[in-house]
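Okay, structure first, notes after.
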Amino acid sequence: MANTTGLNATEIAGSVGLILAVLVEVGALLGNGALLVVVLRTPGLQDALYLVHLCIVDLLAAASIMPLGLLAAPPPGLGHVRLGPEPCRAARFLSAALLPACTLGVAALGLARYRFIVHPLRPGVWPPPGLVLTAVWAVAGLLGALSLLGPPPAPPPAPARCSVLVGGLGPFRPLWALLAFALPALLLLGAYSSIFLVARRAALRPPRPARVSRLRSDSLDSRLSFLPPLRPRLPGGKAALAPALAVGQFAACWLPYGCACLAPAARAAEAEAAVTWVAYSAFAAHPFLYGLLQRPIRLTLGRLTRCALPRTPGTCTLHAWQPRALLQRLQGAPQGPALGPSEAPDPARELAGGQSPSMPEAT
């Protein structure tokens, strides 16, 4: 009876894990595909290349290593399909290359946002996004090649162990954990901490005095305006939301996997399925964390949703990236936010109406 209860509990846990893994797989495919379309339709987005790169890496992972995790996870994992020697080495290479490409891409996106927020008036973009992404893939390819130098898969009676956690990297596991997790975590923490400090200093800065002194009335409202607010808020609280979410999501998803890489192989094999799918959940969380939290992406998503609904033609204007603009961003050339046909001002109409734009309107 005890053995039957244990088997039933194991089967229930495996079924629940399989359902959650399928949900993560579907969320990663649909979320990153939708975000890729929306980013390509959003004009003037400063970090568009890094978002496109992150979506492509997540889609590659969702189409390659995540299905392998569903089919060939070691027991008591999610699947019982045994891979041959060559597919096992291919799975090792994909895991060892795509995971660092994802983490380093997230760190590059954080550094790009740090540059756009803290130094918005610097001419040009240095280093260019193309050079940064080339360096990211060079490191990812190097770490993937190191996985091929590990021990060969085990013979048929034993599990193949095709992941990088158990026997995939051999003596290179500490180096892989350092470049794939420790370095991106430090870069991301430094970038978002600087962004938070800049936002908090701006919130603590006192308002500028008015240039024109006006006579204040002696009414009750004017006297009450000098009183402090009843519920003072912490300055920079709203600005801390996005950095806290980004750093918290990175730590929650990737820290267990990085610690498992440093643990002995026998201990890492026990928690391989759990920490692997916790790390894979980052692929499904990226579209919501780095996409929907940006106002231009939300506006474009709403516009595309309205255009997808059955309406009369001509009510929606779709914006698409031009090849010249994409080439300028790859070269790192400065480019201002592009305006669509419906957003561009019409000087002829303003002159015909006999009105000149005032200073606030021009700003």
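Sequential numbering from 1 along the given sequence is applied to the chain's residues. On a predicted model such as this, the values are computed, not experimentally measured, just so you know.
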Yes or no on side-chain contact (heavy atoms from CB on, under 4.5 Å) for L60 and I65, after CA distance, side-chain angles and deciding distance? CA-CA 8 Å; L60 288 176; I65 59 177; over 6 Å; no
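One finds the CG atom of L187 at 9.0 Å from the CZ atom of F250 (value rounded to the nearest 0.5 Å). Taking CD from Q294 and CG from L301, the interatomic distance works out to 12.5 Å, rounded to the nearest 0.5 Å. How far OG of S194 is from CG of L189: 9.0 Å, rounded to the nearest 0.5 Å. Atoms CG and CD1, from N32 and I56 in turn, are 10.5 Å apart once rounded to the nearest 0.5 Å. Note: F172 CZ to L142 CG = 9.5 Å, rounded to the nearest 0.5 Å.
In this structure the side chain of V106 reaches within 4.5 angstrom of the side chain of H286, judged on heavy atoms. Between D58 and L29, the closest side-chain pair of non-hydrogen atoms is not below 4.5 Å. Looking only at side-chain heavy atoms (C-beta outward), W277 and L70 come within less than 4.5 Å of each other. With a 4.5 Å cut-off on side-chain heavy atoms, W137 and L104 do not count as touching. Put simply, the side chain of L178 does not reach to within 4.5 Å of the side chain of L183, judged on heavy atoms. Residues V57 and H53 meet the side-chain proximity criterion, which asks for heavy atoms closer than 4.5 Å. Taking 4.5 Å as the limit, some side-chain heavy atom of L98 sits within range of a side-chain heavy atom of S64. At least one side-chain heavy atom of Y192 sits less than 4.5 Å from a side-chain heavy atom of R113.
Nearest heavy-atom pair across W176 and A96 is NE1-O, 3.1 Å. The two atoms that bring V39 and A48 nearest to each other are CG1-O, 3.9 Å, heavy atoms only. Nearest heavy-atom pair, Y50 versus P129, reported as atom, atom and distance to 0.1 Å: OH-CA, 3.4 Å. Across all their heavy atoms, A177 and L262 have their closest contact at CB-CD2, 3.9 Å. Minimum interatomic distance between A246 and L289 (heavy atoms only, all atoms of both residues): CA-CD2, 3.8 Å. The two residues S95 and Y280 make their nearest non-hydrogen contact at OG-OH, 4.3 Å.
R89 contributes a side-chain N or O that, together with a main-chain N or O of L148, makes up a donor-acceptor pair within less than 3.5 Å. Between the side chain of S281 and the backbone N or O of V278 there is at least one donor-acceptor pair closer than 3.5 Å. Here the side chain of T276 pairs no donor or acceptor atom with the backbone of A273 at under 3.5 angstrom. In this structure, the side chain of R173 engages the main chain of A263 through a donor-acceptor pair within 3.5 Å. Between the side chain of S193 and the backbone N or O of G190 there is no donor-acceptor pair closer than 3.5 Å. No side-chain donor-acceptor contact under 3.5 Å links T300 to the backbone of T42.
Among residues two or more places apart in sequence or in another chain, the side chain to side chain donor-acceptor pair (under 3.5 Å) test is passed with W254 by none.
In summary, of the residues considered (L188, L51, V132), a side chain to side chain contact (heavy atoms under 4.5 Å, CB included) with L109 occurs for L51 alone.
Put simply, M66 and V22 are part of the same group of oily side chains (I, L, V, M, F, W, Y) that touch within less than 4.5 Å, one to the next. Taking hydrophobic clusters as Ile, Leu, Val, Met, Phe, Trp and Tyr residues chained together by side-chain heavy-atom distances below 4.5 Å, L299 does not share a cluster with I297. Neither L197 nor L186 shares a network with the other; the hydrophobic side chains, linked directly or stepwise wherever heavy atoms of I, L, V, M, F, W or Y lie under 4.5 Å apart, form separate groups for each. V37 and F283 are members of different hydrophobic clusters when ILVMFWY side chains are connected at heavy-atom separations under 4.5 Å. Hydrophobic clustering, with ILVMFWY side chains joined whenever heavy atoms are under 4.5 angstrom apart, keeps L255 apart from L99.
Remark: R298 CZ is packed, more than 12 non-hydrogen atoms of other residues, nucleotides or ligands lying under 6.0 Å away.
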